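Pasting in a structure now, in structure tokens, and then I'll have a few things to ask.
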Amino acid sequence: MNQTLYSAVNGCIPFVYEALPSRVRFGHGTRSQVGEEAERLGISRALLLYGPPHAEVADELAGRLGPRHAASFDGARMHTPVEVTDEVMTMVAAHGIDGVVAIGGGSTTGLAKAIALRTDLPQIILPTTYAGSEMTPILGQTENGIKTTQRSPKILPESVIYDVDLTMRLPVAISGVSGMNAIAHAIEALYARDANPVINALALESIRALVKALPAIKADPANRAARADALYGAWLAGVCLGSVDMALHHKLCHVLGGAFNLPHAETHALVLPHALAYNAPAVPDVMRRLSAALDVDDVCLALHQLNAAIGAPRGLRAIGMPEAGIERAVELALANPYRNPRPLERDGLRALLRRACDGAEPAAVTSEAPHDGQAS
Ligand code: NAD
């Protein structure tokens, strides 16, 4: 059969691909280039954001920025509470800040993005987890206990410095689930309604890199090659997240994080095998591609086993999900749902969440309702 690679991956469906403008430096020790990046962006009074594990590196970066460093802040919190951003906005005004440098995981990156949304100041991000937020024009922020998400070109960081050395001491327990968070971005990109062959290629490359790297990091957290592969996979997964629309899995994690304050990366890791099992019947081509990329017959079971191999918690209950919360989570997921390749069915979602709560193996969720076909 004379089939082009494009038609093989996309069924000859026309598509749109829009590259997001961001500059990336990748390697070991690349943080030494932070001064050059600040100069390129015309930053002369930088606000340096960091979390407690990075106080020492923040000192080092302040030294490298020299006179371009104007002030520092170390109080970023998960889910980007607006009151923290307001506090930092006062600093931005008081110090005449003209650019932001952030070192940390998605929480610190989120604060940098919240400032950029309000000021359009340039950002340099040095990621230390595999969350992928640095590659997206998306910000989730929390006000009065409600987390809302918005998208704007102002939010996308201009420059990202991936320094593998900054991830070498990311605790094993966080490394594994954070890597699963990245795999979730890549998997949902494959069946996004606006999927395209470029993002498909990045997604599969990302998944291959992370699936190989995460168990190796568990076995030896100081494995430099595995750390580099994981960060590379996380970068590509972040591009996927920023480029195409996510579906049921991300909706469920958003609901669970917001309503029950469950930890972000762990929730993604534990829901992923079950959300994919729910969608699998609607996306047979995606399942075939994942199966080939991972070299396994049962992709959902392989992801469940990967969770065990990296030492993820046993199930959502182990990270604080109340059994009685399942009904509320189903209601919230059904209200204002993300577009999903398979229609959302109350019974199916309930069964999915119950299995994720229990830490059970993922199971095919059958349905009498017709599927609306595959989105990619
Ligand atoms: P995080 O940034 O909260 O970090 C988790 C923990 O790991 C923290 O205690 C942190 O101090 C610690 N840590 C981080 N890097 C470390 C390192 N190298 N060594 C030692 N400790 C380290 O968690 P996260 O999972 O990276 O980010 C979660 C947040 O990011 C959530 O608020 C989520 O909504 C957001 N997020 C947003 C996007 C987006 O595109 N908008 C994408 C992904 C995540």
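Bear in mind the structure is a predicted one, so any value in this text is a computation, not a measurement. Whatever order the structure lists ligands and atoms in, that order sets their numbers, starting from 1.
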Next on the checklist: Using the rule that Ile, Leu, Val, Met, Phe, Trp and Tyr join whenever any side-chain heavy atoms are under 4.5 Å apart, tell me whether Leu139 and Leu156 fall into a single cluster.
Outcome noted: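 No, Leu139 does not connect to Leu156 through the hydrophobic network.
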
- Message: Going by ring-ring contact (aromatic ring centres under 6.0 Å, His included), name the residues that satisfy it together with His54, two or more places apart in sequence or in a different chain.
- Response: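 Here no residue qualifies.
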
Sorted by chain and number, the residues that approach ligand 1 to under 4.0 Å with a heavy atom: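 Lining ligand 1 at under 4.0 Å, by heavy atoms, one finds Pro53, His54, Met78, His79, Gly105, Gly106, Ser107, Lys113, Thr128, Thr129, Ala131, Ser133, Thr136, Ile138, Lys147, Leu166, Arg169, Leu170, Pro171, Ile174, Leu241, His264.
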
*Ring-face cation contact, Tyr162 with Arg25, 6.0 Å cut, 45° max*: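 Not satisfied by the 6.0 Å and 45° rule.
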
Taking atom CZ of Arg118 as the centre, does the number of heavy atoms from other residues, nucleotides or ligands within less than 6.0 Å exceed 12?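 Yes - once you tally the heavy atoms of other residues, nucleotides and ligands closer than 6.0 Å, there are more than 12.
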
Residues forming a salt bridge (Lys or Arg N to Asp or Glu O under 4.0 Å) with Asp229, sequence neighbours excluded =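 Only Lys212 meet the salt bridge (Lys or Arg N to Asp or Glu O under 4.0 Å) criterion with Asp229.
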
Sequence neighbours left out, what passes salt bridge (Lys or Arg N to Asp or Glu O under 4.0 Å) with Arg45? Give chain and number order.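 Salt bridge (Lys or Arg N to Asp or Glu O under 4.0 Å) check on Arg45 returns nothing, list empty.
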
